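Remarks on the structure that follows.
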2 protein chains.
Amino acid sequence: MLLRKHSKPSAKRQRNPKHTRECLLQAAFQEVYKSGFQSAGLDTILAATGVTKGALYYHFDGKEALGHAIVDEVIAVMTRDKWLLPLLGGGDPIETLINIVRATSLRPEAVRGGCPLNNLAQEMSPLDEKFRKRLARVFQVWQEGIATALRRGQTQGTVRRDLDPDETSSFLIAVYEGYISLAKNAQDVNVLKAGIRNIVGWLRSLRVPGSSTD
Amino acid sequence: MLLRKHSKPSAKRQRNPKHTRECLLQAAFQEVYKSGFQSAGLDTILAATGVTKGALYYHFDGKEALGHAIVDEVIAVMTRDKWLLPLLGGGDPIETLINIVRATSLRPEAVRGGCPLNNLAQEMSPLDEKFRKRLARVFQVWQEGIATALRRGQTQGTVRRDLDPDETSSFLIAVYEGYISLAKNAQDVNVLKAGIRNIVGWLRSLRVPGSSTD
DNA sequence: CACTACATACATACTGGTCGGTATGTTGCT
DNA sequence: AGCAACATACCGACCAGTATGTATGTAGTG
């Protein structure tokens, strides 16, 4: 992932701060995803991008700030795109959730790597309060997004009225993250596949009996 | 946790290899639980036990071997005592599972710390294959223990026949670990309490309708 | 429009501390 | 005596962070 990858076609562009910053962020995310935050080496990130240490410390105050930016500008965006935006559509939230869960990547490196959000949370939450708060915020937005969609489904008549949207939302996140963790440790895509099947089955049980087909 | 804590009453005992080893293991477990394996410092462990580096390297080949021993001799034992042994009793497995889940520690440091097994698995599985295999073995024994108990419940007539014991067992582990992770990041006992409530509710739904009370 | 001046955007070399590991010495137990 | 069970001192690699130098874009001025 060299710098000049998306640079303007005009030969070798030299200064492009936005692009440099973005490259660093993406490479840092990859390295952190692969090795964990503490084991992530700045030199590895620099080697992957072709950026030098001076540039990195120009754009970020240090490793910690780089980690914070990964949470705010990469992980939060991924969660938004994958979960929140689809749920804002007007369709049946249960169906949307099933589709989202089913869209979970089954690629070996994704199974091996687990969930970037949960990975960072598990590693850093007990060690660094600033990290924890940022990650907790992502979890919160995620949970509220699902809960809001479920509430909408309840007023639309597709979601059972007897269940608490907030608790149901948390339950879904817990099972989902739990299965991803199990599959990551087992390093077995079948664990994840079975998990998705069971989650989908559970999601179906949230519908009012005799609602939309699937 | 000084060495002479449980030493024989006869004043200052000096040589006690079994005891020394056990002290190191426990202190190492605590330190790893607190800081993660990679951030765990040998010096911290030595300071906590009063043991010197020479003794540590006499009993263990190095940090990695110490970590392996933690998995095999501490975490595996904890899982066995908390989950497997109770499930070997002849009672209703659902009731036993409910009791086990309800017995989850709500102490702040337990909420903050999360599940030792899952912590290590999340951190080390992608980095070290030897670690991963040992941890996967613990997960497997855990999962099989629950599944076996569920099967027994099915033949005894207390557990619904229509559900797959293996998949149900994995589902339980996934939700349980998931909620513990969420509570760890949120640093909120109430997240864990709500999780336990919901897990218990789900566990009840596994019984054949009109079975034992609770 | 040319020329300067300054802030931005990098590059390079080095440092200081941490920490796992080791080499070697010493003491207690049988 | 001799091996097991430690104790002490030290090493060297790794790595985040920094000090300092350099080049590029750009705004302001006559």
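All chains are named by letter (A, B, ...) in the order of the sequence lines, taking the proteins before the strands, and each is independently numbered beginning at 1. All values derive from a computational prediction rather than experimental measurement.
- Legend: ring pair (Phe, Tyr, Trp, His ring centres under 6.0 Å) pairs involving residues 103-127 of chain A, not counting sequence neighbours: none detected.
- Identified under the ring pair (Phe, Tyr, Trp, His ring centres under 6.0 Å) test for residues 100-126 of chain B, with sequence neighbours left out: none.
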| note | Once base and sugar-phosphate atoms are separated, protein heavy atoms under 4.0 Å mark nucleotides 21-27 of chain C, 5' to 3', with B, S and - as BB----B

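- B:Asn16 has its CG atom 13 Å from the C1' atom of D:dA4, to the nearest Å.
- Here B:His59 reaches the OP1 or OP2 of D:dC6: one of its side-chain N or O atoms lies under 4.0 Å away.
- One interatomic measurement links the two molecules: CZ of B:Arg21 to P of D:dA4, which rounds to 16 Å at whole-angstrom precision.
- The heavy-atom pair separating A:Leu150 from A:Ser169 by the smallest distance is CD1-N, 4.1 Å.
- Applying the salt bridge (Lys or Arg N to Asp or Glu O under 4.0 Å) rule to A:Arg80 yields no partners; only residues at least two apart in sequence or on another chain are considered.
- Note on B:Thr20: every side-chain N or O is 4.0 Å or more away from OP1 and OP2 of D:dA5.
- With rounding to whole Å, B:Leu46 atom CG is found 11 Å from C:dC19 atom C1'.
- Evaluation of the ring pair (Phe, Tyr, Trp, His ring centres under 6.0 Å) rule for A:His68 yields A:Phe131 as partners, not counting sequence neighbours.
- Pairs of residues two or more places apart, or lying in two chains, that qualify as salt bridge (Lys or Arg N to Asp or Glu O under 4.0 Å) and include a residue from residues 46-71 of chain B are B:Asp43-B:Lys53.
- The salt bridge (Lys or Arg N to Asp or Glu O under 4.0 Å) test applied to B:Asp188 returns no partner, not counting sequence neighbours.
- Straight-line distance from the CD1 atom of A:Ile45 to the C1' atom of D:dA16: 11 Å, rounded to whole Å.
- More than 12 heavy-atom neighbours from other residues, nucleotides or ligands sit within 6.0 angstrom of NZ on B:Lys82.
- In the helix from C:dC1-D:dG30 to C:dT30-D:dA1, the rotation axis of the first five pairs and that of the last five pairs differ in direction by 10°, rounded to 10 degrees.
- Across the protein-nucleic acid pair, B:Phe37 atom CZ and C:dC19 atom P stand 14 Å apart, rounded to whole Å.
- Pairs passing the ring pair (Phe, Tyr, Trp, His ring centres under 6.0 Å) check and including a residue from residues 83-105 of chain A, sequence neighbours excluded, read A:Trp83-A:Trp142, A:Trp83-A:Tyr176.
- Here D:dA9 presents its P atom at 14 Å from CG of B:Asp43, a figure rounded to the nearest Å.
- Distance, A:Phe60 CZ to C:dA9 C1': 14 Å, rounded to whole Å.
- Atom pair B:His19:NE2 and D:dA4:P shows a separation of 22 Å (rounding to whole Å applied).
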